[in-house]
**Student:** 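Mind having a look at this structure? Questions to follow.
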2 protein chains.
Amino acid sequence: MIINSVNTLFDQALTKTSLSEKQKKVLKASLLLFSKNGFDRTSTKEIAEKAQVSEGTVYKQFKTKEGILAAILKPFVKSVIPSAAAEFITALSQANYPLLEEFLTQVVQNRMEFAIENKLQLKIFAQEVLHDKNLAYTLKHEIGGELVVKMGLALKYYQKQGQLVAWAPQRIAQYIISTVMGYLVPCILLDQPLDVPEASKEAVEFLIKGLKKNSE
Amino acid sequence: MIINSVNTLFDQALTKTSLSEKQKKVLKASLLLFSKNGFDRTSTKEIAEKAQVSEGTVYKQFKTKEGILAAILKPFVKSVIPSAAAEFITALSQANYPLLEEFLTQVVQNRMEFAIENKLQLKIFAQEVLHDKNLAYTLKHEIGGELVVKMGLALKYYQKQGQLVAWAPQRIAQYIISTVMGYLVPCILLDQPLDVPEASKEAVEFLIKGLKKNSE
DNA sequence: TATAAGTAAGTGAGCACTCACTTATTATTA
DNA sequence: TAATAATAAGTGAGTGCTCACTTACTTATA
């Protein structure tokens with residue numbers, strides 16, 4: 001199998017780097033193999049073959065196999081917080097979304113699209129999180145914590161508006177994330193397509209019901 | 001570190017087998033090492049050391065390393081469906097067809113306890129699911145499908161009663177599972193304790209709001 | 001005494017990684 | 001501009017090490 005037009009967002013990110021064509025092929029091949037078979041069940045020989053490159057070339061740029069993994073995951077992880085934060089802010093500040101439902105629809109749909117575009121990286125990240133407690137800790141406290149703070153700003157706005165239950169932002173964020181994950185997990189595990197507009201519509205229907213402030 | 005009183009339920013299951021003491025120690029050690037470091041990052045030498053047993057002993061009973069994994073996961077996976085199905089039935093019949101909220105509380109609390117008791121196996125299973133698409137397929141269609149059918153019986157009852165929204169049982173089950181998973185994942189990843197009564201109370205509060213039939 | 005359980009030193013295969021070398025690209029100078 | 005030097009990119013046959021698994025043997029049990 002030849003590697004071409006696999007992961008659009010990933011390809012875009014690659015063009016911005018100063019890597020040679022062969023090195024980019026190494027990263028693409030690694031992304032595919034790691035996500036399919038796992039980091040530990042992928043040999044550097046396999047990577048070289050899939051990238052149509054010698055094994056020495058693999059090691060010219062990336063000093064270790066872990067280095068390849070880092071080169072794949074770092075840009076992804078680093079982009080999660082900024083892109084999500086930006087999404088919350090635009091959704092809010094545009095003031096286009098006076099209703100909680102509109103805000104949620106926009107954010108849920110956008111985050112689902114982001115996840116689908118990065119589903120290979122997400123799968124590799126999940127594999128690593130299950131192997132490395134430090135990474136799990138980072139995910140919860142640094143990434144998760146930061147996201148809750150950013151999202152919390154928006155949530156508090158809707159709580160003041162009386163549209164959203166008065167639960168802790170952390171708790172509300174958890175429900176939003178886990179509900180969205182419910183749609184993403186099968187798609188990531190089985191590499192199936194996801195009807196994002198339909199899924200986000202359904203998810204938001206449930207979330208709104210579960211999170212709206214009951215008029216008393 | 002010595003292996004003792006680690007996993008109560010696992011220990012109980014072990015006593016029912018015809019394995020020798022040393023073989024049981026092999027399984028216990030493997031359970032701990034696999035869940036902590038992952039299957040691929042655990043060597044049979046490490047297992048033997050942790051079990052205070054020679055490497056040959058490991059291979060007397062379990063012909064391959066995969067065999068050890070199967071001996072750990074099979075009893076767990078096989079018990080998921082029956083124990084859940086039994087729980088749905090007892091939750092319904094014991095309290096003589098309780099309110100949806102009472103049913104959900106009972107089921108959610110019970111399943112959370114089951115998950116916590118088997119969290120090491122669950123973590124190993126998750127690792128494997130991310131590596132093996134066939135296993136992911138089995139999880140979704142055989143295990144998941146079966147559970148939805150069993151749970152669906154109860155859900156349909158509550159739909160007829162007018163207590164539960166008229167969404168597809170598959171969809172409702174997904175929301176229940178993902179909401180519960182939201183509480184379980186951090187605890188499984190970081191090996192932290194979970195206040196099950198509190199967590200299930202919170203989860204049900206949200207689920208009831210999101211899933212109750214709106215009186216029209 | 002026969003069968004099972006346990007041992008520890010192998011064994012060969014596969015792995016991540018290296019190194020001496022070749023080829024391509026860029027910089028420098030006549 | 002052409003020739004050459006200097007640097008970088010790429011190659012593939014190693015290399016040593018770890019790993020899953022075996023085997024010849026010893027000890028315990030029925």
Side-chain angles (χ1 to χ4, degrees), chain A residues 2-4 14-74 124 127-128 131-132 135, chain B residues 2-4 14-74 124 127-128 131-132 135:
Chain A
I2 306 297
I3 320 157
N4 254 324
L14 280 187
T15 58
K16 285 173 196 160
T17 66
S18 58
L19 292 171
S20 73
E21 280 309 307
K22 299 216 171 187
Q23 300 299 345
K24 287 175 193 169
K25 286 183 94 179
V26 168
L27 282 187
K28 271 206 227 179
S30 301
L31 177 71
L32 291 170
L33 290 169
F34 288 168
S35 67
K36 193 180 172 206
N37 306 323
F39 178 79
D40 294 305
R41 292 174 200 177
T42 301
S43 69
T44 49
K45 196 184 165 200
E46 282 177 283
I47 293 171
E49 278 167 10
K50 182 144 204 158
Q52 290 167 301
V53 141
S54 78
E55 213 176 330
T57 301
V58 173
Y59 280 91
K60 258 283 145 54
Q61 181 68 31
F62 311 102
K63 301 311 169 195
T64 64
K65 209 177 103 175
E66 295 262 359
I68 305 175
L69 183 68
I72 290 173
L73 287 185
K74 252 191 186 164
I124 298 171
Q127 288 166 358
E128 286 312 298
H131 283 104
D132 183 354
L135 192 60
Chain B
I2 305 296
I3 321 157
N4 256 322
L14 281 187
T15 56
K16 285 173 196 161
T17 66
S18 59
L19 292 170
S20 72
E21 281 307 308
K22 297 215 172 187
Q23 300 300 345
K24 287 175 193 168
K25 285 183 94 177
V26 168
L27 282 186
K28 271 206 227 178
S30 301
L31 177 71
L32 291 170
L33 289 170
F34 287 168
S35 67
K36 192 180 172 204
N37 306 323
F39 178 78
D40 294 305
R41 293 174 199 176
T42 301
S43 68
T44 48
K45 195 182 166 203
E46 282 177 283
I47 293 171
E49 278 168 9
K50 181 144 203 158
Q52 290 169 300
V53 140
S54 79
E55 213 176 332
T57 300
V58 172
Y59 279 91
K60 258 283 145 57
Q61 180 69 32
F62 311 102
K63 302 310 171 195
T64 64
K65 207 176 106 176
E66 295 263 0
I68 305 175
L69 183 67
I72 289 173
L73 286 186
K74 250 190 188 167
I124 297 171
Q127 288 166 358
E128 286 311 299
H131 283 104
D132 183 355
L135 191 60

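Keep in mind it's a predicted model, so treat the numbers as computed, not measured.
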**Student:** Measuring only between side-chain heavy atoms, which start at C-beta, is Val26(B) closer than 4.5 Å to Gln61(B)?
**Tutor:** no
**Student:** Starting at the 5' end of nucleotides 19-24 of chain D, put B wherever the base has a protein heavy atom under 4.0 Å, S where only the sugar-phosphate does, and a dash everywhere else.
**Tutor:** SBBB--
**Student:** Taking CD from Glu21(B) and P from dA28(D), how many angstroms apart are they, rounded to a whole number?
**Tutor:**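 Atom-to-atom, Glu21(B) to dA28(D), this comes out as 17 Å.
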**Student:** Going by heavy atoms in the side chains, are Leu33(B) and Phe39(B) under 4.5 Å from each other?
**Tutor:**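 Contact flag for Leu33(B)/Phe39(B) side chains = no.
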**Student:** Between dA5(C) atom C1' and Phe62(B) atom CZ, what is the distance in whole Å?
**Tutor:**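 Atom-to-atom, Phe62(B) to dA5(C), this comes out as 13 Å.
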**Student:** Write down the distance between CZ (Arg41(A)) and P (dC15(C)), rounded to a whole number of angstrom.
**Tutor:**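 Checked: the CZ to P distance equals 13 Å.
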**Student:** What do the steps show when you test Lys74(B) against Glu128(B) for salt bridge (charged side-chain N to carboxylate O under 4.0 Å, His left out), and what is the final call?
**Tutor:** CA-CA 13 Å; Lys74(B) 250 190 188 167; Glu128(B) 286 311 299; over 6 Å; no
**Student:** Enter the distance from Arg41(B):CZ to Asp132(A):CG here, rounded to the nearest 0.5 Å.
**Tutor:** 7.5 Å
**Student:** So does Gln61(B) get a side-chain nitrogen or oxygen closer than 4.0 Å to the phosphate oxygens (OP1/OP2) of dG6(C)?
**Tutor:** no
**Student:** Figure out the CG/C1' separation between Leu69(A) and dA16(C), and round it to whole Å.
**Tutor:**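 Rounding to the nearest Å, CG of Leu69(A) and C1' of dA16(C) are 15 Å apart.
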**Student:** For Leu27(B) and Phe62(B), run side-chain contact (heavy atoms from CB on, under 4.5 Å): C-alpha distance rounded to whole Å, both residues' side-chain angles, the deciding distance at 0.1 Å, then the answer.
**Tutor:** CA-CA 10 Å; Leu27(B) 282 186; Phe62(B) 311 102; 3.6 Å; yes
**Student:** Measure CD1/Ile47(A) against P/dA16(C) and give the value in whole Å, please.
**Tutor:**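 Roughly 8 Å, once rounded to whole Å.
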**Student:** May I ask you to verify if any side-chain N or O of Thr57(A) is less than 4.0 angstrom from the OP1 or OP2 atom of dT11(D)?
**Tutor:**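 Yes, such a contact exists.
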**Student:** Using whole Å, what does the distance between atom P of nucleotide dA4(C) and atom NZ of Lys22(B) come to?
**Tutor:**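 In whole Å, dA4(C) P lies 19 Å from Lys22(B) NZ.
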**Student:** Kindly compute the distance separating NZ (Lys60(B)) from NZ (Lys22(B)), expressed to the nearest 0.5 Å.
**Tutor:**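 Answer rounded to 0.5 Å: 12.0 Å.
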